Amino acid sequence: AQSVTQLGSHVSVSEGALVLLRCNYSSSVPPYLFWYVQYPNQGLQLLLKYTSAATLVKGINGFEAEFKKSETSFHLTKPSAHMSDAAEYFCAVGKAAGNKLTFGGGTRVLVKP
Amino acid sequence: EADIYQTPRYLVIGTGKKITLECSQTMGHDKMYWYQQDPGMELHLIHYSYGVNSTEKGDLSSESTVSRIRTEHFPLTLESARPSHTSQYLCASSESGRGVNEQFFGPGTRLTVL
């Protein structure tokens, strides 16, 4: 069975500071990993996706994530936070059979001016 | 423009009523999904479909039912709404093919059952 753990349900950062959101996964097969962002009262939008082509994955809005197999991690970072980054972020692991995703509990990001 | 739509966006209804949440996509995707999301919590898959006339239950048990008569349409029905059904319901779709493909999400329906 696959699972995802996101450490920290809430993260507060200052505008311009580094954003680091942690995600650890459990998967019996090479994983497909995703980060999604959800703004208030909206659906989820894909930030980036890992498919084993490269361990460092660049996404939209300046976000990137690094796949570390030895640590079973897929942490999301952005060098400089912007006020518009305030949202909820979800890490997910995918299973090829059925194209089903298992989501983590989410991390809500607050950006302070 | 290719997109995925959900209606209504917000619904407040009394206990015992029958409701249908609509989901339509214009992306030509074969696969569609329904998720349930409580405030501040993760998404739980409640139904999915591989194509027309194909529906499966997801990981979280739900009293809702779904149908897939047309590729673009994947409605969710609750025969008798209860307060425990209060939640946000998100619809998604994805392409078929190798590997795990991105799921595209609709804006969600926030359901409140009084």
Side-chain angles (χ1 to χ4, degrees), chain A residues 1-11 21 23-25 27 29-53 57 59-60 67 74 87-110, chain B residues 3-11 21 23-25 27 29-51 54-60 87-112:
Chain A
Q2 299 179 113
S3 65
V4 175
T5 301
Q6 292 184 239
L7 296 177
S9 59
H10 293 79
V11 168
L21 305 182
C23 172
N24 288 90
Y25 69 90
S27 176
V29 297
Y32 291 84
L33 295 162
F34 301 79
W35 275 100
Y36 283 86
V37 61
Q38 185 179 32
Y39 298 102
N41 298 316
Q42 294 187 28
L44 277 68
Q45 179 184 4
L46 182 71
L47 280 175
L48 49 82
K49 170 185 175 182
Y50 169 75
T51 58
S52 77
V57 183
I60 63 171
F67 172 71
F74 191 55
E88 185 135 24
Y89 293 79
F90 291 93
C91 182
V93 60
K95 186 162 59 174
N99 203 68
K100 292 163 65 175
L101 297 180
T102 299
F103 286 85
T107 298
R108 185 171 298 276
V109 173
L110 172 66
Chain B
D3 209 338
I4 181 164
Y5 306 93
Q6 289 187 245
T7 57
R9 291 292 315 276
Y10 302 91
L11 179 61
L21 307 184
C23 175
S24 295
Q25 49 98 2
M27 301 183 176
H29 289 163
D30 288 328
K31 295 181 177 177
M32 296 189 74
Y33 314 82
W34 276 104
Y35 291 88
Q36 185 174 339
Q37 182 187 27
D38 292 327
M41 303 295 286
E42 68 259 52
L43 285 73
H44 292 287
L45 181 68
I46 53 174
H47 299 282
Y48 61 100
S49 168
Y50 294 147
S54 154
T55 60
E56 302 284 346
K57 290 191 178 295
D59 302 322
L60 180 68
S87 190
Q88 173 155 256
Y89 293 84
L90 291 166
C91 181
S93 70
S94 70
E95 294 180 339
S96 298
R98 293 188 61 188
V100 179
N101 297 304
E102 173 188 358
Q103 292 185 16
F104 293 83
F105 284 81
T109 294
R110 189 169 295 279
L111 172 66
T112 301

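Values reported hereafter were calculated over all heavy atoms of this structure, with side chains retained and with hydrogens, waters and symmetry mates removed. All figures in this text were calculated on a predicted structure; none of them were measured in a lab. Chain identifiers are assigned alphabetically (A, B, ...) following the order of the sequence lines, protein sequences preceding nucleic acid strands; residue numbering begins at 1 within each chain.
Proximity to chain A is absent for every atom of B:Q6, based on heavy atoms less than 4.5 angstrom apart. If you measure heavy-atom distances from B:L45 to chain A, the contacts under 4.5 Å come from the side chain alone. Only the side chain of A:E88 comes within contact range of chain B, judged by heavy atoms closer than 4.5 Å. For B:Q37, the part lying near chain A is the side chain, with the backbone staying farther off; criterion is any non-hydrogen pair under 4.5 Å. With a 4.5 angstrom heavy-atom cutoff, A:Y36 touches chain B only via side-chain atoms.
Looking at A:L44 and B:Q103, their side chains never come closer than 4.5 Å, going by heavy atoms from C-beta outward.
With values rounded to the nearest 0.5 angstrom, A:Q38 atom CD is found 6.0 Å from B:Q88 atom CD. Distance check: B:Y48 OH to A:L101 CG gives 12.5 Å after rounding to the nearest 0.5 Å. Atom CZ of B:F105 and atom CG of A:L46 lie 9.5 Å apart (nearest 0.5 Å). Here A:Q45 contributes atom CD and B:E102 contributes atom CD; the two are 9.0 Å apart, rounded to the nearest 0.5 Å.
The two atoms that bring A:F103 and B:E42 nearest to each other are O-CB, 4.1 Å, heavy atoms only. Taking each heavy atom of A:K49 and B:N101 in turn, the nearest pair found is NZ-CA, 3.8 Å.
Not one N or O on the side chain of B:R110 forms a donor-acceptor pair closer than 3.5 Å with the backbone of A:N41.
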